[in-house]
Every structure is written in structure tokens, then in C-alpha cells.
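Here is the structure we will look at, set down as C-alpha cells.
Here the structure is a predicted model, which means the values were calculated and not measured. The chain is numbered in sequence order, starting from 1.
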Amino acid sequence: MKIVVIGGSGLIGSNIVNRLRLNGHETVAASPSTGVNTITGQGLSEALAGAQVVVDVANSPSFEDRPVLEFFETSGRNLLAAEADAGVEHHVALSIVGTDRLPDNGYFRAKVAQEKLVKASKIPYTILRATQFFEFMEGIINSGDDGGTIRLSPALIQPIAADDVSAVLAELAVATPVNGMVEVGGPDRFPLDELARKFLAARGDKRQVIADVHARYFGSELDDRSLVTGENARIGPTRFHNWLSRAPSRG
């Protein structure tokens, strides 16, 4: 099977490419660095020629509200049109758990727009909504920095290892399209402020974390349903404390 991974040189994309190649699939790592650009259309038709499946894990270079929306809408339209021309049989897209529950988050709004394009296309599809990655916890924590003190919501978060998300995407890529959503999250749920304390303690970071129910998560106030999976979700095997003990420190 020929599978094209859009965003194939990134954290998730390169992992998926390696997994699919090990399973014997002809896999194209498509990204601007390999001459495939979904915004300009450069190299897109050539990369998709003869492909049965496309996995889209491309990410916007900017997280600002307008640029991120423009990225996902433009990239989505160009990619889906090229897939239709190439006769692609299955479109797999990575999205985020909670996208439709946090409308004040510009990045989440952009992912909702991307999801709508996928659903409106005539190409059979599977959308995987994943919870936040362990690998992004440092950025999430730092977003709450308020002059050396960190203010974060005590709402529940259910983070997952990027490797576990990649494994599910590689599996979905060779499965029958579900024409709907699949959710995946980590095995444990934590109050966000508590998780931040665990992370900072493991890094030897002495900053104080204050629980604040009004602290905004990239523009949105959270509740205990905002960032956790629903029923029947897939659950990744990697526990946060095991990942934390192995993850390299950047300090």
C-alpha cells in the first residue's frame, strides 16, 4: 500500500513513517523540507500519485488565531482536492480532544474548521482526536507563568505520549475508514496544576504552581470535561511518570 504522510518530518509524522515502512508499506514523508507544500501546492500531485491513503499530521508554523485558521483551511482544501484527483481511498487526520468544547481557543477553532473540510469531502475518512501530548506539557506549564509564579486551572487533563498517538495513527492508516471520529488519550487523568507540579519537581524547577479556576488555557477557561476523552476512547499504554523518568531534561 502507498501511504503519504503530510507533515512526515515532524514529531508524529516521522514516527508514523517509520512504523509504516517497518510494516512493508511504501510510505512518503511529505513536508516542505521534502518538496511537498500543501499551502502552495508544490509537489502535491506528484507525491499523491498512486497513493491509497493520506495521513495528515501537518501543523501550522504560527499559532496566532488568523494565521492558524488560514493554514488549516488552505492546506485542507488543497490537500483534499489533490487527493480527489489522485483517487485516494482513505484520508486520516489528526485533531485534538475538546476542539468543539473550547471555542475561545483559536487553534482549536482552526482544527474544527479542518475537521469540517474533511467531513464535507467525498473521500472516506477517519479523524483521530488525541489529548495533549506529554511532550507539550512544558509549553502548557510555561503558558501559565505569571512573573515567576505559574497559575493553572485545576481542571482535569489526560495527556498521552506522542509515540502512543503515532501507533494509533499508523494502525488507522491501514484500517477501513470509519467516516467518523476516534478518540485516544493517556491512561491517567490529573488536575492540570498537579501535573505541572510533578513535571517541575522532576526537572528541579522551583517555581510555585497556583491552582486558579479562572486561569485560561490558551484563551479558554476549563472544566473537568474540556480536555479528557469520552466513552469508548482508545487508551495509550504509557504512563506519565514512566515517560517523565525517561524524557530528557531541557534545563
Consider side chain to side chain donor-acceptor pair (under 3.5 Å). Of R239, H241, Q158, which one does D188 pass it with?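 Only match with D188 under side chain to side chain donor-acceptor pair (under 3.5 Å): R239.
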
Testing N37, T38, D56, N59 one by one against S75 for a side chain to side chain donor-acceptor pair (under 3.5 Å), which residue passes?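 For S75, the side chain to side chain donor-acceptor pair (under 3.5 Å) test succeeds with only one of N37, T38, D56, N59, which is T38.
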
Is the shortest side-chain heavy-atom distance between [X] and [Y] below 4.5 Å?
| X | Y | value |
| --- | --- | --- |
| T238 | F134 | yes |
| P159 | L195 | yes |
| L244 | R203 | yes |

Tell me every residue that passes salt bridge (Lys or Arg N to Asp or Glu O under 4.0 Å) with E171, counting only those two or more places apart in sequence or in another chain.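 Scan of E171 (salt bridge (Lys or Arg N to Asp or Glu O under 4.0 Å), adjacent residues dropped) gives R234.
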
Expected output: side-chain T27 to main-chain H25 donor-acceptor under 3.5 Å: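 Confirmed, T27 side chain pairs with H25 backbone.
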
Check: T131 side chain, V97 main-chain N or O, donor-acceptor pair, under 3.5 Å: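 Side chain of T131 to backbone of V97, a donor-acceptor pair under 3.5 Å: no, none is there.
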
Heavy-atom pair of closest approach, residues [X] and [Y]:
| X | Y | answer |
| --- | --- | --- |
| V92 | A173 | CG2-CA, 4.0 Å |
| E221 | L102 | O-CD2, 3.9 Å |
| T99 | V112 | O-CG2, 3.6 Å |
| P61 | F71 | CD-CD1, 3.8 Å |

With a cut-off of 6.0 Å (strictly less than), are more than 12 heavy atoms of other residues, nucleotides or ligands near NZ of K116?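 No, not enclosed.
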
Decide if atom NZ of K198 counts as having more than 12 heavy atoms of other residues, nucleotides or ligands within a radius under 6.0 Å.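 No, because the 6.0 Å sphere around NZ of K198 holds 12 heavy atoms or fewer from other groups.
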
To the nearest 0.5 Å, tell me how far L128 CG sits from M181 CE.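 That separation rounds to 10.0 Å.
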
Roughly how far, to the nearest 0.5 Å, is the NZ atom of K2 from the CG atom of L48?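 Nearest 0.5 Å value for the CG-NZ distance: 7.5 Å.
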
Test log, rule side chain to side chain contact (heavy atoms under 4.5 Å, CB included), inputs Q132 and L192: CA-CA 11 Å; Q132 299 300 313; L192 178 54; over 6 Å; no

For residues 145-168, pull every pair meeting ring-ring contact (aromatic ring centres under 6.0 Å, His included), keeping only residues two or more places apart or in separate chains.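 Every pair satisfying ring-ring contact (aromatic ring centres under 6.0 Å, His included) with a residue in residues 145-168: there are none.
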
Under the side chain to side chain donor-acceptor pair (under 3.5 Å) test, residues paired with S95 that sit two or more places apart: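 E115.
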
Step-by-step side chain to side chain contact (heavy atoms under 4.5 Å, CB included) determination, K111 to I127: CA-CA 11 Å; K111 295 301 284 187; I127 296 172; over 6 Å; no

Pick from I3, V5, V88: which one makes a side-chain contact (heavy atoms from CB on, under 4.5 Å) with V54?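 Of all the options given, the one that passes is V88.
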
With respect to V165, which candidate in D163, L169, V168 satisfies the side-chain contact (heavy atoms from CB on, under 4.5 Å) definition?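 When D163, L169, V168 are each tested with V165, the side-chain contact (heavy atoms from CB on, under 4.5 Å) holds only for L169.
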
For V182 and V184, run side chain to side chain contact (heavy atoms under 4.5 Å, CB included): C-alpha distance rounded to whole Å, both residues' side-chain angles, the deciding distance at 0.1 Å, then the answer. CA-CA 7 Å; V182 178; V184 65; 5.8 Å; no

Is the shortest side-chain N to carboxylate O distance from R225 to D223 below 4.0 Å?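 No, no charged N to carboxylate O under 4.0 Å.
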
